[in-house]
Structures are given as structure tokens and as C-alpha cells.
Protein chains: 2
Amino acid sequence: MKSKATIKDVAELAGVSIKTVSRVTNQEGSVRKATLDKVNEAIDKLNYQPNTAARNLAGSKSFALGYVYDNPNAYYVLDMQNGILEECRERGYELVIHPCSVANKSIIDELETMVKRSQLAGLIISPPLSEMPEVLTALDKLNIAYIKIISACEVSDDSSPCVYVNDRDAAFEITEHLIEQGHTKIAFLRGDECHRSSHERKLGYLQALEKHGIQPNKSYQIDGSYSFEFGVEGAKELLLNEEKPTAIFSCNDEIAAGALFAVRLNGLDVPSEMAIAGFEDSPFSRQTWPKLTTAAQPTNEIARKAASSLIQYLASQRIRKGEQQNIPHLHFRPKLVKRESTQLLTEV
Amino acid sequence: MKSKATIKDVAELAGVSIKTVSRVTNQEGSVRKATLDKVNEAIDKLNYQPNTAARNLAGSKSFALGYVYDNPNAYYVLDMQNGILEECRERGYELVIHPCSVANKSIIDELETMVKRSQLAGLIISPPLSEMPEVLTALDKLNIAYIKIISACEVSDDSSPCVYVNDRDAAFEITEHLIEQGHTKIAFLRGDECHRSSHERKLGYLQALEKHGIQPNKSYQIDGSYSFEFGVEGAKELLLNEEKPTAIFSCNDEIAAGALFAVRLNGLDVPSEMAIAGFEDSPFSRQTWPKLTTAAQPTNEIARKAASSLIQYLASQRIRKGEQQNIPHLHFRPKLVKRESTQLLTEV
DNA sequence: GTACGTAATAACAGCGTTGTCATTCGGCTT
DNA sequence: AAGCCGAATGACAACGCTGTTATTACGTAC
């Protein structure tokens, strides 16, 4: 690899000192236009790429973000990852991904090791890890910057950067949509206990029922996990009710896909005999028949914005050390996507 | 972050020179047992983690692998990623992931920039990139070590590290399984042109037909892409044949899932009226009804072994510079998984 | 007990950047 | 034209580690 060009070569070719080159690459300012052009030209000519290692070492900071997650679902993870990556590339950061398991007792140690080893500038944490107080406390203790993505409809704690995803209102909207279709016997299949989203979504469901004067029916509410299998089991159980529900709102698309299968195996038509809605707008929801009504979560955008905010936050930290600074808070609200699984009308 | 402990602190505490500590952390040998213990004790006590940046800079090498892929499918990518990561963690390497698009003309430049920026020790490349000569040539020119994962049943080129996945024989086996079930009118839905696997699998299919004296029927062979949508379209087209096939072998599970839907929409029962097989053993294949017969690709293991071989190869390169060295070649063969979509008998 | 060879250890100079601080430049005031 | 000041630039010392080369310790043979 002829990737030899160092800052020295550039400086020499441009006829300036290495420090000036450094100023240019870091956009520090205080460089005259003429000089800047000379330097940039030299950089292009030599195809110069600053050495990350040297940069990190000398600056005793790093240009790498970490993405910490507990593999909730392949599409979500990949969407997040890609979104973060896009932002990182633009900003000249690197991404270190770190899947880990909530079940793992030593997760705190694991995170600590990771942060130290990789010299990360900051972390992006997605649920359910981002909703575990002990994890957040540990990170605070490590004194590492992070932005967490959580399910909540309002700012709950403004001391650290956060992305709020308003699952509750979106679930409310889905439930209202079902009610509009004439349903009153609406069941709910809830996802994992440890994901706040599953509770938020259920809350939205209950609020919608209440608003429309519908008595919630305990036997229509089953708790489980975010999985196809639970969808199948949960729907089967629902169908055991003497008075069967006419609609099932599933906490995510995977559950919905499972429910869909169980329902159709039972010989019921969807949506005429049973409406089914999911949540997330994952590819799943488009690969079932009929396609699933769901709530579209802009995961990729969430990821990008989260990364972007974190990077900005880090920059401001470097400048105003110690001082108070703006702590980013972002809000997202999944949007209802009406498809065939809940209504007869639409085009396919 | 009190992550202050440097090699100096450790050296001081252990009463040795920093070089000795370096020897210990790098397992260079030539350290007396007593000294080694002292040093290790100090490392533990200070919770010392070598600084990656300094390490890379001083050694002018790096401990990071890159995983380059063109997002073929979420489950595959994630399996690969996790496998590589597991190995990396054990060996103290980092992983930089790099999704990119085959369609992108400047992909070569992109790779070059990435390699330079991230100071990568080596690359792991999966299909279809690993099967594009121009990409491999570019990497050779960059003089970066890499291991490629390709679809092939025998060693084709022994000059660079390679993982061979024998799709052909696995496809042969699946086809034979269908023939054993009494099928002779077997259709084939092929995946993307640019993936060698799609051709290899088709070859296996054709070879099985030939072995059993079945005349291949051109109108039973449709080319498309690795997607659910193509599965739907392809199956529809197949059903237009006057003499319909009785079995569809789909190039992967996604296609199979699509085909399954189209077939059932057409009112045909699976497997009694139409058998359907997939390939890959992705979660898809277990979340359809009936479950899909498929070929299990040990993606996670492939990834681990690939990473492991690459790391070993890099190490041997460092030692025997210039000299001839063992170039790793690994072979994998997906295994037939019989499920309900091709046979009536089995338990659900 | 001396000499010798090898294994174990240390000293020290980089690696390619950035941070700090000193210096020079260019324009503006007087 | 001298004096001044902020902006632009440069010199040089870190950053924490590894590679290289020099030095010391230890065991063995005579």
C-alpha cells in the first residue's frame, strides 16, 4: 500500500508547516484563503488521509462512536447501524458496533472494557439497554458521553442527550384506526417486559379504548415477547375466548405476522373476520398476505440524527469544557401506515 | 474516565521497564515466569488497557478488521457480523463494518479511502463483492490482506485466502430430495445474476435432474433476484404454464417465502399440490406455514472461521515477511434441512 | 572460579499527529 | 514612517506504545 503520504509530505509540497496542514484538515480556521487552497491542492495531489491512530493519540480524543445494542431484531439493528454509519462517514467518524446481551450479568464490565479499549468518543444506545438504569449509571461513572434512544412521549430526564420515540401516541392512533373500522373487541399482544416500548404501546392502546368508551377486556390482553412464535401462541390463546376479538393489535410486526398465521390457520379471513395491526413497518409487514397495517418508525433517520446530535454534543463539550452546554433532545413519532390487514377498501 | 493507567504506570508498579510490560501484553515471550506474574498482577491491579491508538501508531500496524458487504439480506449480514465480532473480541481485534453498493461506480475509491482511513489490518469480503474481479484486483493493488467468501465447490485460485461455500452440492441434494418425493416437474427460481451462488445453486439443480434422467424444462427456470417480490412474481409465472410444475426450488428462503404466498393465493396446497424448497435456513424459513425445506448455511461459523484464518494469516505475514506462507482455504457445505414444505410426514 | 553463550531485560528513538506557545506578517493608526 | 495589534504561521514537545539495539543476568562447561 503506497498510502505513505503523511502530514509532512503535504506540508512540504504546499510549502507550509505541518501545523498549518493540521489546521486545514481540522478546520480550525485562522488560515488565509491562499494558504488554504495551496494546502488543499497538496492534499488532493498526494491523496492524503490523516492517520487516525496518530490523530487519536496526539489529540487524546477519538473519532469513533460505539453502537451498543441487545439484538432486538435484525431489521432494526441494521437500520440503526446504517443510519449511524452514514452520519459517521460524513463527519469522519468511525463506528464500533457492540452487540451484547441484557441477560449477561457482567454487561457493565463488558461495556467498560469496550469503552477503554476502543477509545470511544461516545456511545449510542438503543433499547432495551438504554432503558436500564444500572447501565446508564455505569456509563455515567465511566464518564463517557452517550445518547440514548428510549420509548417515551415526553422528556423525563434532561441531564443527558436523548432521543424520544413516542410509541404511545402512535399506538393510540393505530387503535383509533381500528375503532374507526368499527371494532370494539380489540385485543393486544404485548412484547417483552423489559422493553419500555411494549408498555408505552399498550398504554396508547388503553388510552384509545378509554377515549372511545370501550371497556378494556383483560382476557384480550396477553403479554409475551417480540417474536413470531409469541404471535402464533398469543393469537391461538385469543381465539380460545368465548367471545372472540375482532381485531388484534400486535406490539410489533413480527408478532403480527405470527398472529396472522395463527388466525388464518384457524380458517378466519383477514381482515373481514379478524383485523390485524403491527408496529414498526419492518419488511415483515409487507411480506405477509394481506400486508400489515403498522406504524412506521423512521429508524434510519432516528439513527442518523442521534449520531449527528452526539457528534455535535461532543464538539461542544470540547470547546466549552466544564461549562453548561446544550443537551440535545430529539423527538420522533411513528406514523400510521394503513394497509390491507385492517381494511377491505385499499388498492393492493 | 479514570482510564489513566498507561504502560508506564504498570512498569513502575511492577518494577520493570515499559518494554517488558509490552512484551507481556503482546505475548512476545522471553519473559521469566516470575516477572510475568509481577507484571500481570500490576496490570490487573491498575485495570490497564493498552491504548489502541498508540499501539497502532508505534507498531505501524493495526488491530482492526474490516467487513465489506453489499447488504444482500439482513439476517445474513448480521450473522456474519456477529460471527466476525466474536472472533475479533477473543483475539483483541476491532471490527469496522463497511456496507457499500455494488451499483456504486466509485466503489473502488471508496474501499481505498476506507482502508487508509481506518488503518485496517485486513478485510473480510462477502458476496457479491468477493466475486467481482475488479474489486479484488483493486484490493491487491492496495496491498491489503483480505479473505473472501465465495460460492464454489473447489479451489479455483490459491493465491489469496478464501472461504469456499459449496452451494452446488447442497442444491444438488435439495433437488434430489424433491425427486425422492416423487417430483419430476421441478421448477427453479434463480437469484441475482451477480451472485455466483445463484448460478452454483442452479448448476446443482441441473446436475441432479440429469443424474436422474429428468429432461430440464426451460419454462420451469426463471431468473430474478433474491427477494420476496421475485418469489411472488416468479411463482405466478410458473403457474401460467400449461403443465404446471409440482415443485419449486427457490434460490433462497426469501424467494421461497414469496413463492409460497403466490402458490397459496392460487389456492394450491403446500406441499401436497406444490412442494417448495428454499436455501439458507434463515428465520424466514421457520416463520412461514408450512415451514420451508432449505439448506442450512452455517453463516456464523463461516464468519468466525474466516476472521480467525485471516488473523492467523496476518500474524504469519508479520513473522515471515516476504517468504512464502500458508494461504488459508476453508470449505463449507450447507446441509439439507427437511421441513414440511416438501413432505407430508413430519411433525410440526 | 573463569569464560562464554544465550535468555532476559532495559534504554531510547521513533510512529504521525495535535496542543502550546512563540514568532512573524500585514494592515491600520498616528 | 514608526508603532501597534490581531491574525496567520511555525517550532517543538508531547501522546503511549513498539522496534531496535545495547546491556545485564543466568546457567553451563571447562
Side-chain angles (χ1 to χ4, degrees), chain A residues 1-39 42-43 46-64 92 94 116-119 121 315 318-319 321, chain B residues 1 3-39 42-43 46-64 92 116-119 121 315 318-319 321:
Chain A
M1 166 164 45
K2 49 150 201 192
S3 158
K4 290 286 178 193
T6 79
I7 199 172
K8 265 189 194 164
D9 303 323
V10 176
E12 201 165 330
L13 182 60
V16 298
S17 77
I18 57 168
K19 182 64 216 192
T20 301
V21 177
S22 168
R23 282 199 187 88
V24 173
T25 55
N26 291 289
Q27 289 159 296
E28 280 178 31
S30 292
V31 178
R32 213 171 305 164
K33 180 77 169 58
T35 322
L36 196 138
D37 290 342
K38 263 193 309 183
V39 173
I43 288 178
L46 295 175
N47 200 230
Y48 167 70
Q49 288 282 347
N51 179 312
T52 324
R55 210 169 176 167
N56 293 349
L57 182 57
S60 58
K61 64 190 164 199
S62 106
F63 291 90
E94 309 206 350
K116 285 193 186 174
R117 261 194 44 105
S118 307
Q119 243 83 40
R318 280 204 268 269
I319 298 167
K321 324 178 194 186
Chain B
M1 163 162 48
S3 159
K4 290 285 178 195
T6 79
I7 199 172
K8 264 189 194 164
D9 303 322
V10 177
E12 201 165 330
L13 182 60
V16 299
S17 78
I18 59 168
K19 181 65 219 192
T20 300
V21 177
S22 167
R23 279 196 193 91
V24 173
T25 56
N26 292 289
Q27 289 159 296
E28 280 178 30
S30 290
V31 178
R32 214 171 305 163
K33 180 76 170 56
T35 322
L36 196 139
D37 289 343
K38 263 194 309 184
V39 173
I43 288 178
L46 295 175
N47 201 229
Y48 168 70
Q49 288 282 350
N51 178 311
T52 325
R55 210 170 175 164
N56 293 348
L57 182 56
S60 61
K61 65 192 163 198
S62 105
F63 291 91
K116 285 193 186 173
R117 261 195 42 105
S118 307
Q119 243 83 40
R318 281 204 267 270
I319 297 167
K321 326 177 193 188

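Throughout, protein chains are lettered first and strands after them, A, B, ... in sequence-line order, and every chain is numbered starting at 1.
- Sorted by first and then second residue, the salt bridge (charged side-chain N to carboxylate O under 4.0 Å, His left out) pairs involving residues 10-37 of chain A (not counting sequence neighbours) are A/Lys33-A/Asp37.
- Taking side-chain N and O atoms only, B/Lys33 has no distance below 4.0 Å to OP1 or OP2 of C/dA8.
- Rounded to 10 degrees, the angle separating the terminal helix axes of the helix from C/dG1-D/dC30 to C/dT30-D/dA1, each built from five base pairs, is 40°.
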Verdict with reasoning, B/Val16 to B/Thr35, per side-chain contact (heavy atoms from CB on, under 4.5 Å): CA-CA 8 Å; B/Val16 299; B/Thr35 322; 3.9 Å; yes

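- For DNA chain D, the residues of residues 11-21 of chain B within the heavy-atom distance limit of 4.0 Å (strictly under) are B/Ile18, B/Lys19, sorted by number.
- In this structure, A/Ala58 has no side-chain contact (heavy atoms from CB on, under 4.5 Å) partners at least two apart in sequence or on a different chain.
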Between the protein and nucleotides 22-24 of chain C, list the N/O to N/O atom pairs that are separated by less than 3.5 angstrom.
none

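- Taking the side chain of B/Ile7 as heavy atoms from C-beta on, and the options C/dG19, D/dG19, D/dC17, the nearest nucleotide is D/dC17.
- Residue contacts shown for B/Asn26 are limited to sugar-phosphate atoms, with no base heavy atom under 4.0 Å away.
- Contact between the side-chain N/O atoms of A/Ser60 and the OP1/OP2 oxygens of D/dC15 is not found at any separation under 4.0 Å.
- Taking atom CG of residue A/Asn51 and atom P of nucleotide C/dC15, one finds them 12 Å apart after rounding to whole Å.
- Of all nucleotides listed (D/dC17, D/dG19, C/dG16), D/dC17 comes nearest to the side chain of B/Tyr48.
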Using the 3.5 Å cut-off, write out each protein N or O paired with an N or O of nucleotides 6-8 of chain D and the distance between them.
residue	atom	partner	partner atom	Å
D/dA8	O3'	A/Arg32	NH2	3.3

